[in-house]
Amino acid sequence: MLKQFLNLKLSQKLSPQQIQLMKLIQLPTQAFEQRLLEEMNENPALETGKEEDEYEKDEFENEDFDDYDDAESERIDAEDINIDEYLSNDETPDYKTQANNYSDDDDDRETPFAAPVSFHQDLINQLNTFILNDEERDIAEFLVGSIDDMGYIRRSVADMVDDMAFTQGIYTDEKMVEKMLQVIHELEPSGVGAQDLQECLLLQLKHKTPTESVELATDIIENQFDAFTKKHYDKLLQKYNVSNEQLKKAIHEIEKLNPKPGGSFTGNNKVTENVVPDFAIRIVDGELELTLNGRNAPSLHVSKDYQEMMQTYKDSRDKSAQQKDAVQFIKQKLDSAKWFIDAIRQRQETLFVTMNAIMHYQEEFFLDGDETKLKPMILKDIADMVGLDISTISRVANSKYVETPYGTKLIKEFFSESMKNDQGEDVSTLEIKKILQNTIEEEDKKKPLPDDQLAEILKEKGYPIARRTIAKYREQLDIPVARMRKKM
């Protein structure tokens with residue numbers, strides 16, 4: 001019994017190769033391509049492309065690979081290495097590392113990336129269009145550096161004057177900083193460099209072509225900002241003595257403004273890249289068809305040159321110490337290449353069987369795109385279907401995307417907990433959120449529904465949910481409270 005327990009404990013310890021395989025599984029397509037490139041650069045025994053000869057037999061399947069770890073394994077005597085093992089035509093055949101369940105039509109196209117220019121660098125570039133002396137430029141660049149990711153400068157002018165003196169050796173006064181702030185306020189996106197929301201909106205309105213609606217909107221933000229934010233429209237109508245339609249147009253001008261001018265900049269301290277789907281699901285003759293992006297299935301083989309090096313060593317009569325060192329190196333690289341090829345094959349199989357199980361589990365949704373048809377699904381459900389560990393399913397779900405007829409989705413979005421409806425049936429929390437979202441979209445915006453009324457409506461629809469749960473789901477959907485949803 002004790003021996004059985006010890007064997008169980010030992011079997012739970014992951015080898016370095018298993019850990020590397022888990023890391024490979026977690027990588028999305030673009031990151032996997034980068035990892036492949038790194039491996040190719042590090043291991044000259046690993047090559048891409050098709051071999052001149054095609055092999056019908058995969059000799060890897062009957063071959064035991066040595067675990068290699070320079071820090072832990074003992075040095076192997078070169079005389080003990082079976083050279084013939086490395087001279088055989090043992091490359092993994094192309095059909096093993098090339099998925100035949102994908103189309104070449106569009107998966108291999110180059111994916112464009114956004115230019116790697118940060119938000120702040122873009123502002124600095126714009127400063128170059130202004131005629132400034134050295135002092136003014138130094139102050140302006142300091143102000144740009146003080147802008148946060150949302151586009152605001154949330155510091156007082158006096159604090160910045162002190163900071164420039166102590167940290168930059170720039171000695172100036174508040175008047176000069178105020179002057180340079182006016183320059184910053186001319187930069188794009190409009191509203192950048194404001195110190196609060198009110199100033200941000202005013203800056204954007206002042207860049208608009210003056211009209212009756214824009215002028216009224218400017219007056220409201222400048223002099224009645226509190227009434228506007230609290231949506232006290234009756235007070236605004238009385239204050240300005242305008243019609244409902246006039247006020248509505250002014251409010252519309254304000255609603256078109258961007259409260260976070262920095263947040264809209266796609267290069268904001270990050271390189272934004274287009275999502276490359278790892279899978280594609282299509283409907284063919286009423287049936288779902290799953291394909292794996294071909295970029296996840298490169299054609300790899302073990303280098304012929306390295307096998308020839310082994311042959312040279314075998315044929316050599318005088319096996320010097322230097323040659324023995326070389327054969328050690330060659331063996332390590334060949335073992336590493338074989339393992340990597342096999343790991344990629346296992347990665348392909350794991351990705352495909354996992355996504356295939358998810359597709360069939362959520363078949364109703366994938367056939368018509370109705371989000372209310374998404375079933376409750378947790379990681380364990382899929383793990384049980386495919387016989388893999390929950391952590392493996394999590395690695396696939398958290399970082400992979402699937403292209404569907406209804407858009408490209410992050411796979412983890414298909415997972416949700418279940419709740420009971422009034423019939424005692426399990427329903428997905430995704431279904432409930434979708435119904436909540438639809439209910440709010442259909443509400444009278446002049447009298448938006450508070451959370452307690454939303455709870456009552458969902459209860460009438462067969463979903464008995466507490467008000468606090470409604471509030472939680474609403475926040476997860478990024479929907480504001482009723483007061484903030486009110487329209488003219």
Side-chain angles (χ1 to χ4, degrees), residues 148-150 152 154 196-198 225-235 251 254-255 257-260 263-264 358 361-362 364-365 368-384 390-391 393-394 397-399 401 406-407 409-488:
D148 65 21
D149 289 347
M150 293 298 101
Y152 289 85
R154 303 184 190 273
D196 54 39
L197 177 60
Q198 184 178 15
F225 186 67
D226 188 58
F228 166 73
T229 57
K230 293 180 179 178
K231 302 210 171 188
H232 291 166
Y233 297 136
D234 291 340
K235 181 178 178 180
I251 298 299
I254 298 171
E255 289 176 341
L257 304 177
N258 186 356
K260 299 176 182 178
S264 64
I358 293 171
Y361 198 100
Q362 302 288 10
E364 287 188 57
F365 164 75
D368 68 10
D370 184 352
E371 292 183 11
T372 63
K373 292 184 178 179
L374 282 169
K375 298 178 182 178
M377 181 177 73
I378 59 176
L379 296 171
K380 187 177 184 300
D381 294 328
I382 301 303
D384 290 344
I390 290 176
S391 64
I393 305 301
S394 177
N398 285 335
S399 57
Y401 286 83
Y406 326 105
K409 312 279 188 182
L410 184 61
I411 294 172
K412 73 175 183 180
E413 294 176 1
F414 300 120
F415 290 84
S416 68
E417 299 289 341
S418 64
M419 292 186 70
K420 299 283 186 184
N421 62 14
D422 59 356
Q423 304 296 317
E425 301 168 333
D426 286 330
V427 293
S428 168
T429 53
L430 294 174
E431 175 182 338
I432 297 171
K433 288 179 185 178
K434 186 62 179 178
I435 293 171
L436 174 63
Q437 185 176 28
N438 291 341
T439 301
I440 292 175
E441 288 175 355
E442 294 168 1
E443 71 184 358
D444 181 356
K445 295 304 178 185
K446 294 180 181 179
K447 295 180 180 179
L449 300 165
D451 291 343
D452 54 352
Q453 290 186 30
L454 288 170
E456 286 295 324
I457 291 173
L458 261 69
K459 184 177 180 181
E460 292 172 5
K461 292 177 180 286
Y463 305 94
I465 304 172
R467 185 201 63 78
R468 62 180 178 275
T469 306
I470 292 289
K472 182 178 77 171
Y473 289 171
R474 179 176 50 71
E475 290 170 2
Q476 290 173 352
L477 291 166
D478 200 23
I479 297 174
V481 296
R483 177 173 60 82
M484 299 306 295
R485 301 199 304 272
K486 187 177 181 182
K487 301 285 186 183
M488 285 290 294

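Small disclaimer: the values here were computed from a predicted structure and weren't measured.
The shortest non-hydrogen separation linking Arg485 to Leu449 is NH2-O, 2.6 Å. What you find for Arg483 and Lys230 is that their closest heavy atoms are NH1-CA, 4.0 Å. The heavy-atom pair separating Pro376 from Ser428 by the smallest distance is CG-N, 3.4 Å. Across Ala482 and Pro448, no two heavy atoms sit closer than the pair O-CG, 3.0 Å. Listed here is the closest heavy atom pair of Ile378 and Ser416: CG2-O, 3.9 Å. Considering every non-hydrogen atom in both Leu477 and Lys433, the closest pair reads CD1-O, 3.6 Å.
Here the CZ atom belonging to Phe415 is positioned 11.5 Å from the CG atom belonging to Leu374, to the nearest 0.5 angstrom. In this structure, CZ in Phe365 is found 10.5 Å from CE in Met377, a value given to the nearest 0.5 Å. If you take CD1 on Ile358 and NZ on Lys412, they are separated by 13.0 Å, rounding to the nearest 0.5 Å. Between the CG atom of Asp149 and the NZ atom of Lys260 there is a distance of 11.5 Å, given to the nearest 0.5 Å. To the nearest 0.5 Å, atom CG of residue Asp226 and atom NZ of residue Lys235 are 6.5 Å apart. Atom CG of Asn438 sits about 8.5 Å away from atom OG1 of Thr372, to the nearest 0.5 Å.
You'll find the side chain of Gln437 stays beyond 4.5 Å of the side chain of Ile440, heavy atoms only.
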Leu197 vs Tyr152, test: side-chain contact (heavy atoms from CB on, under 4.5 Å). Steps then yes/no. CA-CA 9 Å; Leu197 177 60; Tyr152 289 85; 3.5 Å; yes
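In summary, the aromatic rings of Phe414 and Tyr361 are positioned with their centroids too far apart to meet the 6.0 Å limit.
Within a 6.0 Å sphere centred on CD of Glu417, other residues, nucleotides and ligands contribute 12 heavy atoms or fewer. For Lys231, the NZ atom is densely surrounded, since the number of other residues' heavy atoms within 6.0 Å is greater than 12.
In this structure, the side chain of Thr229 engages the main chain of Phe225 through a donor-acceptor pair within 3.5 Å.
When the side-chain hydrogen bond (donor to acceptor under 3.5 Å, both in side chains) test is applied to Glu255, the partners found at least two apart in sequence or on another chain are Lys487.
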Side chains of residues 460-472: which donor-acceptor pairs under 3.5 Å do they make with residues two or more places apart or in other chains?
unit_1	atom_1	unit_2	atom_2	d
Tyr463	OH	Glu431	OE2	2.6

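For residues 370-381, every residue pair satisfying the salt bridge (charged side-chain N to carboxylate O under 4.0 Å, His left out) rule, not counting sequence neighbours, is listed here: Asp368-Lys373, Lys380-Asp384.
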